[in-house]
Amino acid sequence: MTTANAHEPAAPQRGDFAPDFLWGCATSSYQIEGAGQEDGRVESIWDRFAATPGKVKDGSSGLVACDHYHRWPEDFDIGRDMGLNAYRFSIAWPRIFAEVGGKPNEKGLDFYSRLVDGMLERGLQPWATLYHWDLPQFLEDRGGWNNRATVDAYLAFVDAMTRRLGDRVQHWITHNEPWCTSIIGNFEGWHAPGNTDFKTALQVAHHVLLSHGKAVPLIRANVRNAKAGIALSLHPVRPASDSPEDLAAMARHDGLRYRWFLDPLYGRGYPQATLDIIGDAAPTMEPGDLEAIAVPTDFLGVNYYFPETIKNDPGHAPLGARVLPPAPQAETTAMGWEVAPQGLAELLHRIENDYHPGPMYITENGSCYTDEVSADGEIDDVERRRYLQTHLAALRAAIRDGVPVKGYFAWSLLDNFEWAEGYLKRFGLTHIDYATQERRLKSSGKWYRGFLRGE
């Protein structure tokens, strides 16, 4: 365990948190499952995207990934032995439906039923994410999330999964990071499906939020005592300077990056200032959409990785505001992301002050470093261990200040397919040798285990 200096908070202890606090790790289907062509699974947008030359840095895909589809008992044993009491996973829509209006694939349903039973047998409370970016390609061929009909297809998927798993799964996350689905996948284009149209991206965001709003009552109808929410990727935002131009740029960026998603979820509609700027790019809506999106939820999932510093840049699409790289003196991860644990507390305070969303859960928080396996098989990822310690200390401070955070899911249990980075970047507390599929707990995972066990 690293030693805190006089300027750092002491490393947290599990006893600093409530006895019923949830401690978990998070994963997602496309990043770990593999078995890309087994048991009736059909092509996803990420299969198509990864097969397109130049889209994934190492030319890889999730076709095999961590082979979790076959090795899940070992992975859940790792989680149990680590001391987790919760596990966040996502469901691959392409395993469940092969066509619009078709019947659910029993082999896919059975797989997730086995997964849930395996979690429960090991004392892991299952947290199911219904959509973590792996849209079936047959829906993308019909317009994807830009097509309002995809909302109905999603509801059929939600209905099938909650009927099959609802007797054992109480906690449901409708979507993971709508920002990534919409803006990164449909405007910036470096995630699947790779579109680069701003109006499309905003329409996608609207349909994703609408599908969330319509899914929540469906989940509650199918699952007794259901707890339903959504997980957003959020950042504290800061201006590059105190100039009026940078302050205005920060406000423009914040209107899209933060408020575009949170405002409608909590009954305020889309921020008018942002609508005024985007003009004709605004999404098409139907009467009742905003009321549906604002359905009350049981929790908010917060995914936090780093803060954003915003500079005015009139030529930078879409809003003349640019996210700056971290300052040269800043500590960064191997992704180039600033390590800023205080940003987690800052973000949580802001969400609570702005929206009072009720219980919050940190549904993702983690770090990427260049891990080296020593001759004795150890992975001494001291930076990731320290990242965990400092972020949990910041979380502890926020909770002591009254922010109602009820659980923490580290990203991630396993190294995995890191989207456009392929297998070049590692976030796991467990190391995966992709050639052999051997699992090794890293130093960070051993620290988390000791923390959770009170050792």
Side-chain angles (χ1 to χ4, degrees), residues 44-46 48-49 90-91 93-94 96-97 99-101 129-161 172-189 191-219 228-233 255-271 274-275 278-295 297 301 318:
S44 79
I45 58 173
W46 269 96
R48 179 72 59 88
F49 190 76
S90 78
I91 297 165
W93 192 345
I96 309 303
F97 283 101
E99 60 184 351
V100 175
T129 302
L130 286 156
Y131 187 75
H132 198 129
W133 310 352
D134 45 357
L135 185 73
Q137 183 63 39
F138 70 81
L139 287 172
E140 184 61 33
D141 292 341
R142 293 169 172 242
W145 283 108
N146 192 45
N147 181 353
R148 192 178 175 100
T150 298
V151 174
D152 295 324
Y154 172 78
L155 294 175
F157 167 59
V158 172
D159 186 57
M161 295 317 306
W172 297 87
I173 295 170
T174 56
H175 284 272
N176 182 72
E177 301 183 344
W179 168 268
C180 298
T181 301
S182 56
I183 302 299
I184 298 180
N186 287 279
F187 172 62
E188 295 175 348
H191 277 188
N195 297 324
T196 53
D197 182 73
F198 188 50
K199 182 174 178 60
T200 296
L202 294 183
Q203 192 66 57
V204 165
H206 178 69
H207 287 155
V208 166
L209 290 173
L210 179 63
S211 75
H212 155 80
K214 292 193 170 188
V216 170
L218 178 58
I219 293 167
I230 191 169
L232 304 182
S233 58
L256 182 64
R257 186 66 188 82
Y258 176 89
R259 293 184 56 203
W260 190 261
F261 298 90
L262 282 161
D263 276 15
L265 285 169
Y266 294 101
R268 303 178 190 177
Y270 294 110
T274 307
L275 288 168
I278 63 176
D280 292 343
T284 300
M285 292 182 275
E286 294 185 5
D289 282 5
L290 291 175
E291 290 80 4
I293 292 170
V295 61
T297 50

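When all heavy atoms of Lys199 and Ala282 are compared, the pair lying nearest together is NZ-O, 3.1 Å. When all heavy atoms of Pro178 and Ala231 are compared, the closest pair comes out as CD-O, 3.6 Å. Here the closest non-hydrogen pair linking Ile230 and Leu209 is CD1-CD2, 4.5 Å. Residues Pro193 and Gly185 share a closest heavy-atom pair of CD-O, 3.5 Å. Heavy atoms only, all atoms of each residue included: Leu202 and Ala281 are closest at CD1-O, 3.4 Å. Smallest separation of non-hydrogen atoms from Val216 and Ala228: CG1-CB, 4.1 Å.
Under the side chain to side chain donor-acceptor pair (under 3.5 Å) criterion, Asn147 pairs with no residue, sequence neighbours left out. Residues satisfying the salt bridge (charged side-chain N to carboxylate O under 4.0 Å, His left out) criterion with Asp159, sequence neighbours excluded, are Arg163. Applying the side chain to side chain contact (heavy atoms under 4.5 Å, CB included) criterion to Phe49, with sequence neighbours excluded, gives Trp46, Lys55, Ala192. In this structure Arg259 satisfies the side chain to side chain donor-acceptor pair (under 3.5 Å) test together with Asp263, sequence neighbours excluded. Taking Tyr270 as the reference, His206 meet the side chain to side chain donor-acceptor pair (under 3.5 Å) condition, with sequence neighbours excluded. Partners of Arg257 according to the salt bridge (charged side-chain N to carboxylate O under 4.0 Å, His left out) rule, which considers only residues two or more places apart in sequence or in another chain, do not exist here. Remark: Ala201 pairs with Ile183, Asn186, Phe187 by the side chain to side chain contact (heavy atoms under 4.5 Å, CB included) rule, at least two apart or across chains. Judged as a side chain to side chain contact (heavy atoms under 4.5 Å, CB included), and not counting sequence neighbours, the contacts of Asn146 are Thr200, Gln203, Val204. Every side chain to side chain donor-acceptor pair (under 3.5 Å) that Ser90 has, sequence neighbours left out, goes to Ser29. For Phe97, there are no ring-ring contact (aromatic ring centres under 6.0 Å, His included) partners, not counting sequence neighbours.
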Just distance, no hydrogens or angles: give the donor-acceptor pairs under 3.5 Å from side chains in residues 136-145, sequence neighbours left out.
from, atom 1, to, atom 2, distance (Å)
Gln137, NE2, Asp141, OD1, 2.8
Trp145, NE1, Tyr131, OH, 3.2

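Between Phe157 and Trp93, the two ring planes are parallel [angle under 30°; tilted spans 30° to 60°].
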Side chain to side chain contact (heavy atoms under 4.5 Å, CB included) between Leu210 and Arg148: does it pass, once the steps are laid out? CA-CA 9 Å; Leu210 179 63; Arg148 192 178 175 100; 3.5 Å; yes
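Leu265 CG to Ile293 CD1: the interatomic distance, rounded to the nearest 0.5 Å, is 7.5 Å. Here NE2 of His207 is found 8.5 Å from OG1 of Thr150. Values are rounded to the nearest 0.5 Å. Considering CD1 of Ile219 and NE2 of His212, their distance stands at 8.5 Å, rounded to 0.5 Å. Atom CZ of Phe198 sits about 9.5 Å away from atom OG of Ser182, to the nearest 0.5 Å.
Between the side chain of Trp133 and the backbone N or O of Asn176, at least one donor-acceptor pair lies under 3.5 Å.
Asp134 is not listed as a side-chain neighbour of Ile45, based on a closest heavy-atom distance of 4.5 Å or more. Looking at Tyr266 and Thr297, their side chains come closer than 4.5 Å, going by heavy atoms from C-beta outward.
The aromatic ring centres of His175 and Tyr154 sit less than 6.0 Å apart.
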